[in-house]
Amino acid sequence: MNRIWSKGVSILLVSIMAGGLLSGCTNSSGNGEGAEGGDGNKLKILHNWNGSGGSDNGITPVEEVIKEKTGVTLEWEYTKGSETEKVNQIFATQDLPDIYTGPAWGGELDGIIKAAKEGQLVDISDKLGDYPNLAKSIAKENVPPALYEKAIDAYDGKKYLLLQNQPATNEDGMDWLYGFYVRKDIAEKVGVDPQSVVTKEDFYNFLQKIKDANLKESGQPVFPLGGFSNGWSVGIGNTMFYSGASYVDKGDGTVEHNFFTKGYEEYTLFYRKLVEEGLMDPEAFTQTDPIAKEKINQGRIAILAAHYPAILDASKEYVTAHPGSDYIPVGPLERADVDPSRPVDLGIQGNNVTAITSSCKGACVDAALKFLDYMASDEGFMLARYGVQGVHWDMKDGKPVPNKEWFDKFTADQSGKVRKNEGISIGLESVTGLDRINSAAGGDIWADQDRLDAMENARKILRPNGIHVITAYNPGDVITKSPEWEMLKPSMDRMGDAWKEAIFAKSDEAALSIINDLREQLRKTGYDQAMQFTNENLKGKDIVTVQMPN
């Protein structure tokens, strides 16, 4: 597929070659077998991010350019529900896309690494020489060290995974400004200065005041605290109870999982109290993203927990109709066991891994690599983020400048659909290689001034001491290499569910019993031995023991 087409090639030859290419690509059933008719290759791509979505109008102008440049037509699948369950499901059922892209951490990453080890992904190590943009995205110097050892260079020299969106320079590192944000009008109504909320007691009292105000919107109650789909990211208050990292310093040169700490128990009981006293939306952990956003648009969530761009996008419609109701930062809140003058520790790294599955064979692999390499080029990077040059934007004096007509349309659109229907924010940005948004692409040309001002204001409040980008080893990447890991992993995967069960328990004692039962199960399945292995392998290394969400 990676070849130059000449005008002298006969129609017959083109037909033969095109037929060969199509034979390896996804057919209309999406099972990756057989040929797909029409005028180009079709690749099925799974964008494994809950709540993501595409165009309402079929192929978009951006995708038309991709088709012109690479010959590839994309068929999208978006995840609705748990990303971890989705990645496990596709390999268990063999209902595979041609290209997978999803989170570069947690159970989703574990699932895709497992698939690589089981031979369910395509080894691209002998092809990277023809695709320089892809080779660059997983060069050792461009991947965090622990992630490189765990996911990129973990298969005896073979390569299965591509890392996407790793900042190319410090200038490109994105601080998403995770935190709690309160509606300005509600804070004023209950008489609380959001910046006076610092301790966990302050935060609880703030929620209680909002509840006591008995606020309603369209006859329905306003929840003091809420989040997005499946509870994202209601639990970020954990940093008030322990250092926020998955593994914490025991003070003797070793680490242990935060699940075994006293702080984790206090964190669990605090949230159980919020649920029991009606201070948190009880559907926060079961609702879909559309339902969560509907509540925000109805004005029914007083305090939201998430990163600021998501909150600004989700609340845009309500804020436009109700001036003065914009969400503003709470705090900054205290961090347990952390010097208040310390910069905020952020694990800024790539956020997607991409792989070609074993369903894609022969010419399909070449088509997938050509598509991915194009998207990782500077041209593809800017196409995914800015749209079509000459239509949505132009280069002026060496910098990308938005077309005013489209800038006004995108700014006025409160749903984000206008942008998606043009092919922007439909998932293509997840496969564009190293993040060069500032160093090479000229910044976010679609950000309106009000949004930029809101982000800058939040940054001044929440990052008074600046940020520190974490480059240390994460124990969570090391423990997966322990001999006990396969036996231990199912118990580790239960931690999140156990926490949710505990905060809905009937009593504090019942909640702690759920936590302690799982602790016992973890020990029976090799936790102590795995931690001994982890600590021995981390001796002398800089270890992540303090972290904030990013």
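Only heavy atoms go into these numbers, but all of them, side chains included; no hydrogens, no water, no symmetry mates.
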Do Y181 and Y308 make the cut of ring centroids closer than 6.0 angstrom? yes

Distance-only polar pair, side chains of S243 and D337, donor-acceptor under 3.5 Å: no

Using side-chain heavy atoms (C-beta onward) and a distance below 4.5 Å, is L274 in contact with L207? yes

Check the surroundings of atom NZ in K200: do more than 12 heavy atoms from other residues, nucleotides or ligands lie under 6.0 Å from it? yes

Option from E77, E108, K86 for which side-chain contact (heavy atoms from CB on, under 4.5 Å) with Y100 holds: E108

Are the charged groups of K316 and D313 less than 4.0 angstrom apart, N to O? no

Can we say R419 and E422 salt-bridge, meaning some charged N sits less than 4.0 Å from an Asp/Glu carboxylate O? no

State which residues pass side chain to side chain donor-acceptor pair (under 3.5 Å) with S430; sequence neighbours excluded, sorted by chain then number. H47

Is D326 salt-bridged to R183, going by a charged N under 4.0 Å from an acidic O? no

Are any side-chain N or O atoms of D528 and backbone N or O atoms of R523, one a donor and one an acceptor, separated by less than 3.5 Å? no

Heavy atoms of other groups near K114 NZ, more than 12 under 6.0 Å: no

So, do F259 and M492 sit near enough that their side-chain heavy atoms are less than 4.5 Å apart? no

Would you verify whether the NZ or CZ of K500 falls within 45 degrees of the ring axis of F285 while also being under 6.0 Å from that six-membered ring's centre? no

Determine whether the aromatic ring centres of residues W499 and Y267 are separated by less than 6.0 angstrom. yes

Short N-O contact, K417 and D413, less than 4.0 angstrom: no

Test of understanding: with salt bridge (Lys or Arg N to Asp or Glu O under 4.0 Å), list the residues that count as partners of E266, not counting sequence neighbours. none

For F203 and F270, take the angle between the two ring planes, folded into 0 to 90°, and tell me which bin it lands in: parallel under 30, tilted 30 to 60, perpendicular over 60. parallel

Does R385 offer a backbone N or O that forms a donor-acceptor pair with the side chain of W446 under 3.5 Å? yes

Using the six-membered ring wherever Trp is involved, compare the ring planes of Y78 and W76 and label them parallel, tilted or perpendicular (cut-offs 30° and 60°). parallel

Under a 4.0 Å N-O cut-off, is there an ion pair linking R494 with E501? yes

Answer yes when R459 and E456 have at least one side-chain N-carboxylate O distance shorter than 4.0 Å, and no when they do not. yes

Hey, are K295 and E283 close enough for a salt bridge, meaning a charged N less than 4.0 Å from a carboxylate O? yes

Should N165 and N352 count as side-chain neighbours, where that means a heavy-atom distance under 4.5 Å? yes

